[in-house]
Each structure stands twice: as structure tokens, then as C-alpha cells.
Amino acid sequence: PKTYEPKVWLATSMPIFAMPSIIAAGGAAPEHVELAQPSRGAAIAISEDDSVAVVVNRDVGSITVLKLEYPDKAAPKWSVLRELKLGDGSEPYQVVIGPDGNSAYVVLRREQKLVKISKLRDQPEVASMVATGSEPTSLALSPSGRAVYVANWNDGTLVQYDTEALKRGKEADLNAALVKTGYLGSVDPRPALAHPRSLVISNDHDRDDEDEYAYVTEYYGQQVEAER
């Protein structure tokens, strides 16, 4: 795969990696335009208009899509639109909802796949899926929703996918980036040195994915001398 060398900044005792958003050039942005906030995956996600929620059921290998309603002068109501089985033991770990509010993306940690869910608002269904690296643990969308990024916990990589076709794009090797900091001593880069856990994509609201950043936390924080 194509690779990208991330920059590394030490923000706290746990390194944070930053990588410019790497969206392929060309193609018009969808008319729904952009997400309103920075994107990050979670065990539950809500569409930006608060009408749909998606919950990952890690132990049973499924997701549940909920319809949300807000009657006047009454408590909010929810109902199950559909539960989608993604495989026994597949371990759906995080989900994000696209800016259209009608598509979602789920990582299956044990099954090592990225799944696209379509038709969230009426008849949710699995649209497509693609293989990821080892133990995909977190994911996030670019502001336009044209790309989804997956952090592979065991491989130590961050990989980009086109959300339209789930085509694999560029890859950032966080193992090499961590070695360059010197925190691990004299070692050569190899898989499983870095363990990217959580991921967020910035959003500066300029309708341009190219100047955004991906911030990834390293699970095993490195000890550093405190500033005086």
C-alpha cells in the first residue's frame, strides 16, 4: 500500500501522532457537505440531526439502529429500526455516522473488517465490507465524509479508505514514528511496537479535507521527564 510518514508531537506523557488528511484529489463533494464537528468513533453514535442512533453490541456481534423522536412536551422516544448481525464473535468495536445521516461505518475488531451500513433511516443494511489490519480498534471520518480512517491496534498503523467503495488508500506507519522519538531505545521499526487506540479527525470548517489532521493516542504511554 501507499505510505505516509506521520509527524510526531509529544503532547503529554502519552504520545499523540498527527497526520494530514490524505484525500485523493478529484471528485465533487456530496451535497450534504460536511460534518459539523470533529469525527471520532464510539460504541454509540448519533446522526447530526439527532434522528438516528447506532449502537455496537460487542459481545453478540451485531449493531442496533435506533429511530429517535422528540414529541412536544414529552420525553424523547426511541424505537428499534433493525438489528444487523455482523457475525458471531466478530466484535463490532466502534461506529461513526456519515454527514448524510444515512450511512455508518463499523470496525470489527476480531473479524478484522470495516463495514459500511446504508439506509439507516428506513431499512438499514450491510452495503459492503473490506479487510483491515490486525485488531482495528477505532475509526473516524474526514469532514466531508469522503474518507474513513482506521487505527489498527496490533499492526501499529493508520489506514485510509474511500467511503464510496471502501477502497484502501494510504497508510501511516506509527511504529516507525514511535521509534524515531527515541523513547523505545535502540530498536528497528517493526509491526506491533505502536498500539494506536483512540482516533479523532480535526474539522476547521473550510470545506477542505486536505488541511485536516488525524490525532491518534498511543496505548502504552512513554515515560518522559516533566517540564520544569
Side-chain angles (χ1 to χ4, degrees), residues 21-24 26-58 60-69 77-133 136-152 159-169 199-201 203 207 209 212 214:
S21 181
I22 37 181
I23 309 299
E31 295 201 353
H32 52 256
V33 190
E34 298 208 347
L35 294 167
Q37 301 292 331
S39 174
R40 63 183 180 90
I44 182 170
I46 299 179
S47 62
E48 295 201 325
D49 64 358
D50 294 336
S51 66
V52 177
V54 181
V55 181
V56 299
N57 306 308
R58 292 173 178 171
V60 297
S62 70
I63 62 167
T64 302
V65 183
L66 305 174
K67 179 180 180 181
L68 308 178
E69 299 177 278
K77 297 168 55 180
W78 62 270
S79 57
V80 175
L81 281 172
R82 192 175 184 186
E83 180 181 2
L84 290 174
K85 303 290 187 180
L86 300 178
D88 292 341
S90 60
E91 198 177 2
Y93 208 78
Q94 284 194 356
V95 58
V96 289
I97 294 179
D100 61 358
N102 205 33
S103 58
Y105 305 87
V106 182
V107 284
L108 307 182
R109 186 171 182 181
R110 184 175 177 183
E111 194 69 16
Q112 300 181 172
K113 289 182 179 179
L114 170 65
V115 181
K116 180 177 181 177
I117 310 297
S118 62
K119 302 178 183 178
L120 286 185
R121 297 180 183 276
D122 44 34
Q123 193 65 30
E125 64 181 16
V126 174
S128 55
M129 63 178 64
V130 66
T132 64
T137 303
S138 57
L139 77 170
L141 289 164
S142 65
S144 71
R146 289 166 52 203
V148 58
Y149 294 83
V150 175
N152 298 303
V159 180
Q160 175 205 52
Y161 297 86
D162 175 350
T163 54
E164 184 64 29
L166 291 192
K167 181 180 178 180
R168 184 181 175 118
L199 167 65
V200 64
I201 304 292
N203 187 346
R207 300 168 64 92
D209 284 349
E212 304 298 346

Can you name the nearest heavy-atom pair linking S128 to L166, along with the distance? OG-CD1, 3.5 Å

Side chains of Q94 and S138, donor plus acceptor under 3.5 Å: no

Do R82 and Q123 have side chains that approach each other closer than 4.5 Å (heavy atoms only, starting at C-beta)? yes

Within the 4.5 Å heavy-atom criterion, are V56 and I44 side-chain neighbours or not? no

So for atom CG, which belongs to D88, do other residues, nucleotides or ligands contribute more than 12 heavy atoms lying within a distance under 6.0 Å? no

Using a strict threshold of under 4.0 Å (side-chain N to carboxylate O), is an ion pair present between K119 and E125? yes

Does the side chain of S90 reach to within under 4.5 Å of the side chain of R110, using non-hydrogen atoms? no

Evaluate the side-chain proximity of V54 to L120: yes if any heavy-atom separation is below 4.5 Å, no if none is. yes

Separation between OH (Y105) and CG (L114), nearest 0.5 Å, reads 8.5 Å

Write down the atom of A214, the atom of L199, and the distance for their closest heavy-atom approach. CB-CD1, 4.0 Å

Can you see which heavy atom on A53 is nearest to which on I46, and at what distance? CB-CG1, 4.1 Å

Between N203 (side chain only) and L35 (backbone N and O only), is there a donor and an acceptor less than 3.5 Å apart? yes

I need the minimum non-hydrogen distance between P143 and I201, along with the two atoms involved. CD-CG2, 4.2 Å

Under 3.5 Å, is there a donor-acceptor pair linking the side chains of S118 and N102? no

Is the shortest heavy-atom distance from the side chain of K116 to the side chain of V126 under 4.5 Å? no

Do I63 and I117 have side chains that get closer than 4.5 Å, going by heavy atoms? yes

With rounding to the nearest 0.5 angstrom, report the CH2 to OG1 distance, W78 to T64. 9.0 Å

Please check: side-chain N/O of S142 versus main-chain N/O of A147, any donor-acceptor pairing under 3.5 Å? yes

Do R207 and S144 have side-chain atoms, one donor and one acceptor, less than 3.5 Å apart? no

How long is the span from the CG atom in D209 to the CZ atom in R146, to the nearest 0.5 Å? 6.0 Å

Distance from S51 atom OG to L66 atom CG, nearest 0.5 Å? 11.5 Å

Check the pair V130, K113 against side-chain contact (heavy atoms from CB on, under 4.5 Å), reporting the backbone distance first and the verdict last. CA-CA 5 Å; V130 66; K113 289 182 179 179; over 6 Å; no

Applying side-chain contact (heavy atoms from CB on, under 4.5 Å) to Y93 and L108, what does each step give before you reach the verdict? CA-CA 6 Å; Y93 208 78; L108 307 182; over 6 Å; no

Might you work through the side-chain contact (heavy atoms from CB on, under 4.5 Å) test for V106 and M129, ending with a clear yes or no? CA-CA 9 Å; V106 182; M129 63 178 64; over 6 Å; no

Is there a side-chain contact between N152 and T132 in this structure, where contact means two heavy atoms from C-beta onward sitting under 4.5 Å apart? yes

Is any side-chain heavy atom of P124 closer than 4.5 Å to one of L84? yes

Rounded to the nearest 0.5 Å, the CG atom of D122 sits from the NZ atom of K67 at a distance of 10.0 Å

If you measure from CD on Q112 to CD on E91, what distance do you get to the nearest 0.5 Å? 10.5 Å

Pair L86, S62 - check side-chain contact (heavy atoms from CB on, under 4.5 Å), show working. CA-CA 5 Å; L86 300 178; S62 70; 5.6 Å; no

Does the T163 side chain pair with the main chain of G145, one donor and one acceptor, at a distance under 3.5 Å? yes

Output yes when a side-chain donor or acceptor of S39 lies under 3.5 Å from a complementary backbone atom of L141, and no otherwise. yes

Any carboxylate oxygen within less than 4.0 angstrom of a Lys/Arg side-chain nitrogen, looking at D100 and R121? no

